[in-house]
2 protein chains.
Amino acid sequence: MPDTKRVTSADVARLAGVSRATVSYVLNDTPRQTISAGTRTRVLDAAARLGYSPSAAARTLRTGRSDVVLCLLPDWPIGPEVGSLLGNLSAALTRHGLTLVVHPGSRGERPVAELWKAITPAAVISYTEFTDAEAAAMRSAGVAVVVAVPRRGRGRELAVPQELVGRRQAEHLVAAGHTRLGYAYPDDQRVRFFAEPRLAGVRAACAARRLPTPVGLTVPLDPSAAADCVRRWQSTEVTAVCAYNDEVALAVLAGARTAGLSVPGDLAVIGVDDIPPARLAAPPLTTVTTDQAVVGAHLAATVVAAMSGRSAPELPAADIVRVVPRDSA
Amino acid sequence: MPDTKRVTSADVARLAGVSRATVSYVLNDTPRQTISAGTRTRVLDAAARLGYSPSAAARTLRTGRSDVVLCLLPDWPIGPEVGSLLGNLSAALTRHGLTLVVHPGSRGERPVAELWKAITPAAVISYTEFTDAEAAAMRSAGVAVVVAVPRRGRGRELAVPQELVGRRQAEHLVAAGHTRLGYAYPDDQRVRFFAEPRLAGVRAACAARRLPTPVGLTVPLDPSAAADCVRRWQSTEVTAVCAYNDEVALAVLAGARTAGLSVPGDLAVIGVDDIPPARLAAPPLTTVTTDQAVVGAHLAATVVAAMSGRSAPELPAADIVRVVPRDSA
DNA sequence: CTGTTAGCGCTTTCAA
DNA sequence: TTGAAAGCGCTAACAG
């Protein structure tokens, strides 16, 4: 096995017959450094011939900042939407010369603090709030802190405000003539930062129409437990329910089935996310999606803006969340 | 905003009244270096007081190897099982002092090659095969290459061999008295590296019982298209089908429903993964799961072994994939 | 047992 | 327009 040593900028410099500084200049397109076309091409193809790619470690050490964007995942189970968001985000960041790297959150791990100190990322994107102290520490260490989804109210949203999602659900149901709504709350306490605002959105929509407050129930992902919930809604004259997400909505569907109710006849149901099983459900599930490509691109733009001190663009939130009408509502 | 400068080992050394080398020794528990208890504690709490954490960049630059394990995700949509695997893997690696970092594959990105060169990870875990050239290049650059899932036949498996999954499905169906099986192939060409071996497992199980070869059909995630498939199975006397995964199985269920067939009466169906919607389906879906915690821990162990030149432990594959019997088969 | 020293590969003044 | 040189923070010989 040929223990090939790493190709360094010195190798490139030697092959191109220039100094390492020059190599650095051309490879980085250093502003206010002009390089003769000849030298430039010579360096460029020396680099290509050698298969040179700079050491991120050295560069980071030198500049004090890497081109890595760290995304901290929450420790609750993530769905395909997150996967899609990350894919889009990664692509968008790559276009800006940044590298997205994701750290799967799993409880009982080394605290986040260690991680960002260790990686010196250009930016950190998180699904959970930082304490002010953490944020300050990171910022002063040169990290463009960005807290992602659950940021409520404080000005610009970095992702789609979850209230909007809830509002869309409720509006769809109300438009179909329902006046008494239920809300199917997830069984998993860890997602409450998402569920809370969605429910708030549903409440707001009802309030705006002077309809009664939605009756919320925690719905486990289990047909018979869900059936109990369905019966309780039934007994409170609820005719339509907004579910936290598609999985919960599927549980409601299963509950209705085992309780002997028909959907949407006896109970209309609407979910969130449009996961693949949604359209395969019985009946096919009406749901609301958000365009993750747009969110990903926007998040990337926000990160880039934050890094260069510019202010972030606005997310056209209203345009990218829409209901996918199917048969359940 | 206090632009606090990074705390370096020199700061710790100063506060502890020792040299940087000493700090390095105690913090790394350098083998064959003995440190007096007094010095050790002095250094340790100087570090604690300062909130010191070493610069990964510097360390990587110096040692030529980081403690990051890079996992390259495929560019096809990943399900919750992968999420769970990554969580477990991350936790397991952390216990070994390694940091898992995941790069979402998205098409059209900077080639993988660049990425590993840039990050100098201790190991790379991938869902897709490397070419021999890539593997050699990585290994010679000091990366303990580890190709994850689709590694077929070549000795030790790094993850559960997908043949086994298919075999389990078929065995369950056969044990229930079915003799003519169908295979529901995914519509997405990108997952064929997973689908192929699963189908092979089903075939092998049938062959072992001298049963006819399973009749394979590509099933789109769409009720009416799936209904066509179901009818074709019906016309070939297939009474039970193994689906590539739960989503495809859900499609088969939907197809049966729209074709007016009952499950499992007219057609039995078994999936793979046990995604949450599986138990909420009509009827609840029988499926086969694999214990991701075990796989995660094993993968971690493999990586660690590879890094220290030891040989990897064996994965008790047979023990960790089991069918979850519900109503569809 | 602890300190001195020499870089790892890169960027970036400062001179030439 | 290019080169020389000084480190970024850390580890690992080698001395003391």
Side-chain angles (χ1 to χ4, degrees), chain A residues 4-44 46-47 50-68 97 117-120 122 141-142, chain B residues 4-44 46-47 50-68 97 117-120 122 141-142:
Chain A
T4 318
K5 288 179 50 187
R6 181 176 190 115
V7 179
T8 78
S9 79
D11 298 321
V12 177
R14 201 172 314 120
L15 181 59
V18 299
S19 77
R20 284 158 65 236
T22 306
V23 172
S24 178
Y25 289 146
V26 348
L27 260 31
N28 298 333
D29 264 328
T30 309
R32 63 176 81 272
Q33 266 295 334
T34 48
I35 303 284
S36 69
T39 312
R40 153 165 265 115
T41 53
R42 214 137 29 82
V43 169
L44 252 20
L50 264 34
Y52 169 74
S53 81
S55 148
R59 179 196 238 109
T60 300
L61 181 56
R62 178 60 232 226
T63 61
R65 187 183 284 41
S66 74
D67 66 351
V68 165
K117 277 192 191 173
I119 297 194
T120 16
Chain B
T4 318
K5 286 177 51 188
R6 179 171 193 119
V7 179
T8 79
S9 79
D11 298 321
V12 177
R14 201 173 313 119
L15 181 58
V18 299
S19 76
R20 282 161 59 236
T22 305
V23 171
S24 177
Y25 290 144
V26 348
L27 260 32
N28 297 331
D29 264 328
T30 309
R32 63 179 80 271
Q33 267 296 334
T34 50
I35 302 284
S36 71
T39 312
R40 154 165 266 117
T41 51
R42 216 140 24 84
V43 169
L44 252 20
L50 263 34
Y52 169 74
S53 79
S55 147
R59 180 198 237 105
T60 300
L61 181 55
R62 178 61 232 226
T63 62
R65 187 184 284 40
S66 74
D67 67 350
V68 165
K117 277 193 193 173
I119 297 195
T120 21

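Within every chain, numbering begins at 1; the chains are lettered A, B, ... in the order of the sequence lines, protein sequences first and strands thereafter.
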- Task: Check whether any side-chain heavy atom of B/Leu27 lies under 4.5 Å from a side-chain heavy atom of B/Tyr52, and answer yes or no.
- Result: yes
Side chain to side chain contact (heavy atoms under 4.5 Å, CB included) assessment of B/Asn28 paired with B/Arg59 | CA-CA 11 Å; B/Asn28 297 331; B/Arg59 180 198 237 105; 3.0 Å; yes
Taken in chain and number order and not counting sequence neighbours, the residues that satisfy side-chain hydrogen bond (donor to acceptor under 3.5 Å, both in side chains) with B/Ser66 are none
Per-helix bend value, the helix from C/dC1-D/dG16 to C/dA16-D/dT1, C1' rotation axes over five pairs per end, 10° rounding, shows 40°
Across all chains, not counting sequence neighbours, the side-chain contact (heavy atoms from CB on, under 4.5 Å) partners of A/Thr41 are none
Residues 21-30 of chain B vs salt bridge (charged side-chain N to carboxylate O under 4.0 Å, His left out), sequence neighbours excluded, gives B/Asp29-B/Arg40
Nearest heavy-atom approach of B/Leu44 to B/Val26 is CD1-CG2, 3.6 Å
Protein heavy-atom contacts under 4.0 Å, written 5' to 3' over nucleotides 6-12 of chain C as B (base), S (sugar-phosphate only) or - (none), form the string BBBBBBB
Report, one line per pair, each donor and acceptor closer than 3.5 Å where one atom sits in a side chain of residues 9-17 of chain A; sequence neighbours left out.
from	atom 1	to	atom 2	distance (Å)
A/Asp11	OD1	A/Arg14	NH1	3.3
A/Asp11	OD2	A/Thr8	N	2.8

query = Counting any heavy atom closer than 4.0 Å, what does A/Thr60 reach on the DNA or RNA strands: base, sugar-phosphate only, or nothing?
reply = nothing
Rounded to the nearest 0.5 angstrom, the CG-OG1 distance for B/Leu61 and A/Thr60 is 9.5 Å
